[in-house]
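These notes are about the structure you will find just below.
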Amino acid sequence: MRLSLLATVSALASSALAGSVTARWPEPCPIAPKVVIISMFDPEAGVWYGIPEFDVLAQNISVPGLSPIYPDVHCTADGEVCQVTTGESEINAAVTISSLVASPSFNFTSTYFFIAGIAGANPKVLTIGSVAFAKYAVQVALQYELDAREMPSNWTTGYVPLGSTSPGVYPQSIYGTEVFEVNDALRSLAIGFARTAVLNDSSTAVAYRALYNTTPSYAPATMPPSIVPCDVATSDVYYSGNLLSEAFDNTTYLYTNGSGIYCMTAQEDNASLAALLRGAKAGKVDFSRIIVMRAGSNFDRPHAGESDTDNLFYVHSGGFAPSVENVYLAGIKVVEGILDGWEETFQYGVKPTNYIGDIFGTLGGTPDFGPGGVFNDDPTAGQG
Ligand SMILES: *[C@@H]1O[C@H](CO)[C@@H](O)[C@H](O)[C@H]1NC(C)=O
Ligand SMILES: *[C@@H]1O[C@H](CO)[C@@H](O)[C@H](O)[C@H]1NC(C)=O
Ligand SMILES: *[C@@H]1O[C@H](CO)[C@@H](O)[C@H](O)[C@H]1NC(C)=O
Ligand SMILES: *[C@@H]1O[C@H](CO)[C@@H](O)[C@H](O)[C@H]1NC(C)=O
Ligand SMILES: *[C@@H]1O[C@H](CO)[C@@H](O)[C@H](O)[C@H]1NC(C)=O
Ligand SMILES: *[C@@H]1O[C@H](CO)[C@@H](O)[C@H](O)[C@H]1NC(C)=O
Ligand SMILES: *[C@@H]1O[C@H](CO)[C@@H](O)[C@H](O)[C@H]1NC(C)=O
């Protein structure tokens, strides 16, 4: 068990008073959180402050390499729960999480990393206000792109997977961050916890969802908010509209060999997962202890009769406030579930039953997507 710094200091103080001359000032014990909540920007972070369950503002630990606007990791006094804000988009997420994982102030070997943010929602799978738990995170815009006005007339999209020469053809050049897969057994437990939450909604969102009812495939968009297992696309470009959403839905399907269900789009998850994967490879984090949760704040494409620009810039769908609220309402159940079940279950970890890791098979095992693990036979392959 971790001796708190305060206890260490007072023990030292009393041994000094007792005349011990051999006592030396110890290195501060690293904080070993049970849960680290990863937020991407202020609205997602703010829902964890001033809540009745715990106070993550009790300790602020500044970590070199974090975002200049979010320089501190916030932790409860006992260090059991911490929260960090990455800043938005892939570069901010990757650098923040890499710096965090490398920080000597923490010991993350038993920590659950809980990505908890908002996202664009695919109306074919879920609605605004709903909360999705992903198994796959796919970097969909990691492709060639021609402006669609200059593309060959037989292309369906201006995006072409790297190393290929036509849209929809499996990429021939693999960078390694295309797809990440996280622990499905842990996801199922998290979904069970989240389903005990009563989700928030708004009357504006109720009215806005109803506008999607003229397109039969958008039936999921018209339902009240719920907890949904489905996957998240990552793209620095904040895309919107029917064609790009469909193109990246296709990319998700292609890159996950047909297993991924494209329902969320956001700007960070692959990058955070890439940093955690490298931390896992270095023995600093446990990649089987990652949960990716995103709540739908807006639709990725318009309803029938609405323009793409209206969907992107001008409509007030009423989804933002409930989505942020639901990050907390669903998320707190997940955090409490892990803390309450720590002794019995979570300290030991939840054994994954699926492949976990990246497209290279970096952590071992054989990916159920991608061209096959490049490190499976020769661990030095692909290096240098
Ligand atoms: C931690 O930082 C927050 C602001 O980000 C502040 O409100 C809080 O008081 C700080 N906590 C401590 C213990 O200084
Ligand atoms: C980190 O915590 C684990 C147990 O969770 C422990 O075995 C390990 O020694 C700790 N490492 C450091 C550097 O404190
Ligand atoms: C994020 O994931 C997507 C899909 O899994 C993948 O195409 C992309 O390369 C990943 N990006 C990063 C930076 O990991
Ligand atoms: C488009 O047409 C070109 C030229 O005929 C052909 O080489 C290519 O395979 C076609 N691409 C697709 C996606 O059908
Ligand atoms: C949603 O949350 C807002 C803000 O906390 C609150 O005013 C509203 O009553 C809640 N609505 C529902 C349906 O829970
Ligand atoms: C997505 O894939 C389907 C099936 O291959 C195809 O019909 C459709 O045109 C593709 N959409 C885009 C935007 O590429
Ligand atoms: C995924 O699909 C690609 C392209 O069809 C194929 O080459 C690869 O073997 C598939 N991977 C798995 C694990 O099935």
Side-chain angles (χ1 to χ4, degrees), residues 43-44 116-136 138 140 148 156-157 187 191 194-235 237-253 256 258-267 292-331:
E44 294 164 353
I118 61 171
N122 173 2
K124 293 181 176 177
V125 183
L126 86 174
T127 194
I128 48 177
S130 278
V131 180
F133 287 78
K135 179 164 78 166
Y136 295 104
V138 179
V140 291
T156 57
T157 175
R187 176 171 78 147
I191 286 173
R195 285 196 167 137
T196 65
V198 177
L199 297 179
N200 188 263
D201 204 358
S202 73
S203 52
T204 310
V206 170
Y208 189 73
R209 283 184 200 109
L211 300 172
Y212 280 75
N213 72 0
T214 54
T215 305
S217 62
Y218 293 167
T222 66
M223 309 296 280
S226 64
I227 307 290
V228 186
C230 56
D231 300 309
V232 61
T234 300
S235 165
V237 175
Y238 189 138
Y239 62 84
S240 186
N242 282 301
L243 289 174
L244 282 179
S245 296
E246 190 182 295
F248 292 142
D249 189 340
N250 286 350
T251 303
T252 301
Y253 187 87
T256 61
S259 322
I261 303 166
Y262 165 73
C263 77
M264 289 280 175
T265 167
Q267 294 171 287
V292 181
M293 182 188 86
R294 289 273 182 176
S297 62
N298 55 280
F299 286 113
D300 66 1
R301 65 197 85 183
H303 58 73
E306 181 182 36
S307 73
D308 289 325
T309 45
D310 277 347
N311 176 58
L312 179 56
F313 299 125
Y314 304 118
V315 291
H316 179 54
S317 72
F320 178 80
S323 71
V324 166
E325 189 72 16
N326 290 340
V327 165
Y328 163 71
L329 291 169

Could you check whether any side-chain heavy atom of Thr214 comes within less than 4.5 Å of a side-chain heavy atom of His303, counting everything from C-beta outward? no
Between atom CD1 of Ile191 and atom OG1 of Thr196, what is the distance when rounded to the nearest 0.5 Å? 12.5 Å
Answer yes or no: is there a donor N or O on one side and an acceptor on the other, between the side chain of Ser245 and the main chain of Asn242, under 3.5 Å? no
May I ask you to decide if Gly319's main-chain N or O and Ser323's side chain share a donor-acceptor pair within less than 3.5 Å? yes
Does the pair Thr265 and Phe248 meet the rule for a side-chain contact (heavy atoms from CB on, under 4.5 Å), with working shown? CA-CA 9 Å; Thr265 167; Phe248 292 142; over 6 Å; no
Kindly compute the distance separating CG (Leu329) from CD1 (Ile227), expressed to the nearest 0.5 Å. 9.5 Å
Criterion side-chain contact (heavy atoms from CB on, under 4.5 Å) on Glu44 and Ile118, from CA distance to verdict: CA-CA 7 Å; Glu44 294 164 353; Ile118 61 171; 3.4 Å; yes
Under 4.5 Å between any side-chain heavy atoms of Asp231 and Val138, yes or no? no
Intermediate values then yes/no, side-chain contact (heavy atoms from CB on, under 4.5 Å), Arg301 and Glu306: CA-CA 9 Å; Arg301 65 197 85 183; Glu306 181 182 36; over 6 Å; no
Find the distance between OG1 (Thr157) and CG (Asn250) and round it off to the nearest 0.5 Å. 8.5 Å
Distance-only, no hydrogens or angles: does the Ser297 side chain make a donor-acceptor pair with backbone N or O of Ala119 under 3.5 Å? yes
Asn200 side chain vs Glu325 backbone, donor-acceptor pair below 3.5 Å: no
What's the shortest heavy-atom distance between Tyr212 and Pro302, and which atoms? OH-C, 3.6 Å
Can you find a heavy atom in the side chain of Thr204 that is under 4.5 Å from one in the side chain of His316? yes
Mind checking the CG-OG spacing from Asn298 to Ser240? Nearest 0.5 Å is all I need. 7.5 Å
Is Phe299 close to Leu312 at the side-chain level, that is, under 4.5 Å between some pair of heavy atoms? no
